[in-house]
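Side-chain atoms are counted along with the backbone in the values below, which use heavy atoms only and exclude waters and symmetry mates.
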Amino acid sequence: MIRQSTRGPVKNSAALMLVAVCVLGLIAADKLLGFLARRGLIGNTMGAVIIWAFVIAMFWFVLKRYCLASVYELDGVKLVFSRIYFRRPRPEEVVFLREAVYFGDADKCRHAVTSTRRFTSDRSGYAVQALVYRRENKYCRILFNPNEEICARLREKLK
């Protein structure tokens, strides 16, 4: 069985820097919006809405960039896609290799794809590949970042 995770280690210095940037960004946004509210350029309610939107956007960025990860597990007959939100992987999709019809560059696929699921990572050093499979007379596509070993095995199976 081949197992690959898109989660990489975050250095302690980078984690501390991330926390410091988030806190300083929130303080700066609060000061700026308070200044604009005192000058009468925006209302207090609008300032509160903007600060909450900023906090949610910052949370989403940190969650997506540093906390979410995908795990790919390939054995002889299936490829399992799981997500790790903070600790434990949760299986999301299982693709049997007999259902797969295409593996390779996402732009070169000639099948009429009806749905796409993404298990990619911005921090991964591998290129985004597409796996197209046929299930219930529909072609579905999964975009993911497999390493060389998974790519070689999938190309071998789909010859």
Side-chain angles (χ1 to χ4, degrees), residues 1-29 49-159:
M1 176 188 287
I2 304 170
R3 181 181 168 105
Q4 176 193 350
S5 176
T6 60
R7 173 180 282 175
V10 178
K11 296 178 184 174
N12 291 340
S13 60
L16 289 174
M17 183 71 86
L18 178 66
V19 170
V21 166
C22 288
V23 169
L24 291 175
L26 186 58
I27 290 171
V49 168
I50 292 171
I51 197 83
W52 276 106
F54 179 72
V55 167
I56 290 170
M58 193 169 43
F59 173 76
W60 181 252
F61 171 76
V62 170
L63 181 73
K64 182 138 176 61
R65 180 89 167 124
Y66 296 100
C67 298
L68 293 178
S70 298
V71 175
Y72 320 130
E73 294 175 342
L74 176 67
D75 62 8
V77 295
K78 67 183 179 293
L79 181 59
V80 179
F81 295 93
S82 304
R83 288 202 202 273
I84 300 174
Y85 290 100
F86 291 103
R87 274 212 188 271
R88 284 177 262 127
R90 294 174 177 90
E92 296 270 332
E93 186 75 40
V94 176
V95 177
F96 289 98
L97 297 181
R98 68 175 182 265
E99 297 174 332
V101 294
Y102 175 78
F103 173 74
D105 190 17
D107 299 331
K108 296 181 182 177
C109 179
R110 295 183 303 244
H111 298 288
V113 175
T114 57
S115 68
T116 300
R117 296 201 58 188
R118 294 182 182 276
F119 293 94
T120 59
S121 173
D122 297 337
R123 295 189 302 161
S124 177
Y126 300 107
V128 175
Q129 300 288 326
L131 177 68
V132 178
Y133 60 96
R134 185 174 180 187
R135 190 176 287 165
E136 299 172 1
N137 294 326
K138 294 180 183 177
Y139 289 102
C140 302
R141 176 174 64 179
I142 293 180
L143 299 176
F144 66 114
N145 304 92
N147 60 15
E148 296 90 5
E149 191 176 3
I150 292 177
C151 286
R153 283 271 180 96
L154 287 174
R155 285 192 180 102
E156 178 185 313
K157 290 283 185 179
L158 290 176
K159 279 189 179 182

(message) Side chains of Ile84 and Leu68, heavy atoms from C-beta outward: is any pair under 4.5 Å?
(response) no
(message) Which label fits Phe81 and Tyr72: parallel for a plane angle under 30°, tilted from 30 to 60°, or perpendicular past 60°?
(response) perpendicular
(message) Tell me whether the count of non-hydrogen atoms from other residues, nucleotides or ligands lying under 6.0 Å of CZ in Arg117 goes above 12.
(response) yes
(message) Assess whether a salt bridge exists between Arg155 and Glu148, defined as any Lys/Arg side-chain N lying under 4.0 Å from an Asp/Glu carboxylate O.
(response) no
(message) I need the minimum non-hydrogen distance between Leu143 and Arg118, along with the two atoms involved.
(response) CD1-NH1, 3.1 Å
(request) Go through the steps to decide whether Ser82 and Arg90 satisfy the test side-chain contact (heavy atoms from CB on, under 4.5 Å), and finish with yes or no. (result) CA-CA 5 Å; Ser82 304; Arg90 294 174 177 90; 5.8 Å; no
(request) Would you mind reporting whether Leu26 and Ile51 have side-chain heavy atoms less than 4.5 Å apart? (result) yes
(message) Counting only heavy atoms from other residues, nucleotides and ligands, does the tally under 6.0 Å from CZ of Arg83 exceed 12?
(response) yes
(message) For the CE atom of Met58 and the CG atom of Leu63, what is their distance to the nearest 0.5 Å?
(response) 13.0 Å
(message) For a side-chain contact (heavy atoms from CB on, under 4.5 Å) check, start with the C-alpha distance between Val62 and Cys22, then their side-chain angles and the critical distance, and finish with the verdict.
(response) CA-CA 9 Å; Val62 170; Cys22 288; 3.9 Å; yes
(request) Locate the shortest heavy-atom distance separating Phe54 from Gly25; write the atom from each residue and the value. (result) CE2-O, 3.6 Å
(message) For Gln4 versus Asn147, what's the shortest heavy-atom pair and its separation?
(response) OE1-N, 2.8 Å
(message) If you define the side chain from C-beta out and look only at heavy atoms, does anything of Leu158 sit under 4.5 Å from Tyr102?
(response) no
(request) Compare all side-chain heavy atoms of Ile142 with those of Thr116 and state whether any distance is below 4.5 angstrom. (result) no
(message) For Ala112 versus Tyr139, what's the shortest heavy-atom pair and its separation?
(response) O-CB, 3.6 Å
(message) Applying the side chain to side chain donor-acceptor pair (under 3.5 Å) criterion to Tyr133, which one of Glu99, Arg141, Glu93 satisfies it?
(response) Glu93
(request) State, yes or no, whether a side-chain contact exists between Thr120 and Ser70 at a heavy-atom distance under 4.5 Å. (result) no
(request) Measure the spacing between CZ of Arg153 and CG of Leu79 and express it to the nearest 0.5 Å. (result) 11.5 Å
(request) Can you see which heavy atom on Ser121 is nearest to which on Thr6, and at what distance? (result) CB-CB, 3.6 Å
(request) Please round to the nearest 0.5 Å and tell me the distance separating atom CZ of Phe144 and atom SG of Cys151. (result) 6.5 Å
(request) Identify the two heavy atoms, one from Pro146 and one from Ala127, that lie closest to each other, and give their separation to 0.1 Å. (result) CD-O, 4.0 Å
(request) Could you walk me through whether Lys78 and Glu73 pass salt bridge (charged side-chain N to carboxylate O under 4.0 Å, His left out), step by step? (result) CA-CA 8 Å; Lys78 67 183 179 293; Glu73 294 175 342; over 6 Å; no
(request) Measure the CZ-NZ distance between Arg110 and Lys108 for me, rounded to the nearest 0.5 Å. (result) 11.0 Å
(message) A side-chain contact here means heavy atoms from C-beta on lying under 4.5 Å apart; do Leu97 and Leu74 qualify?
(response) yes
(request) Say whether, by atom type as modelled, one donor and one acceptor occur between the side chain of Asp75 and the main chain of Met1 under 3.5 angstrom. (result) no
(message) Contact between Val71 and Arg3 at the side-chain level, heavy atoms closer than 4.5 Å - yes or no?
(response) yes
(request) Report the distance from atom OG of Ser13 to atom CG of Leu18, rounding to the nearest 0.5 Å. (result) 11.5 Å
(request) Check whether any side-chain N or O of Tyr126 sits under 3.5 Å from a backbone N or O of Gln129 as a donor-acceptor pair, and report yes or no. (result) no
